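Residue numbers run from 1 in the order of the sequence given. Given the structure is predicted, the values throughout are model-derived calculations rather than measurements.
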Amino acid sequence: MQGMSSTLAPSLADRLPVVTSDRYSQSISSIQSDARLVAVFAPIVTRLCLAEVESQTSAWDTTPLIDAWSSLIPEFERWQLEEHVPSSE
């Protein structure tokens with residue numbers, strides 16, 4: 001990830017059209033669900049990019065990474081419930 005931006009490109013999933021055809025509706029819903037899942041993990045991607053750079057230059061504090069991970073767990077669980085994804089437990 002070195003040399004890459006630590007931010008993700010904005011998703012266009014929410015700008016997809018609302019369609020009545022089941023043929024397209026299921027695909028659009030899936031894309032939007034995937035975009036929401038990516039958004040849940042976006043903060044940890046940023047922290048991982050920063051940690052990679054910092055770990056090569058000096059000792060780095062893992063607290064922000066741990067905090068970001070801890071805060072995304074409830075968001076991920078909310079996504080699971082909204083998308084009716086079975087728990088891995």
Asker: Shortest non-hydrogen contact from Ile44 to Trp69?
Answerer: CD1-N, 3.6 Å

Asker: Would a hydrophobic clustering, with Ile, Leu, Val, Met, Phe, Trp and Tyr connected at side-chain separations under 4.5 Å, put Phe76 with Leu81?
Answerer: no

Asker: If only atom types and distance count, is the side chain of Trp79 paired as donor or acceptor with the main-chain N or O of Ser33 below 3.5 Å?
Answerer: yes

Asker: If you take all heavy atoms of Phe41 and Leu72, which pair is closest and at what distance?
Answerer: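 Heavy atoms only, the tightest pair is CE2-CD1, 3.7 Å.
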
Asker: Going only through I, L, V, M, F, W and Y residues with side-chain contacts under 4.5 Å, is there a path from Val40 to Ile73?
Answerer: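 The answer is yes; both residues are in one hydrophobic cluster.
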
Asker: Would you find a donor on one side and an acceptor on the other, under 3.5 Å apart, between the side chain of Ser30 and the backbone of Gln26?
Answerer: no

Asker: When you measure from the side chain of Ser29 to the backbone of Ser25, do you find a donor-acceptor pair of N or O atoms at a distance under 3.5 Å?
Answerer: yes

Asker: Output the distance between atom CD (Glu83) and atom CZ (Arg36), rounded to the nearest 0.5 Å.
Answerer: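 Output value for this atom pair is 4.5 Å.
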
Asker: Can you measure from CZ (Arg78) to CD (Glu75) and round to the nearest 0.5 angstrom?
Answerer: 4.0 Å

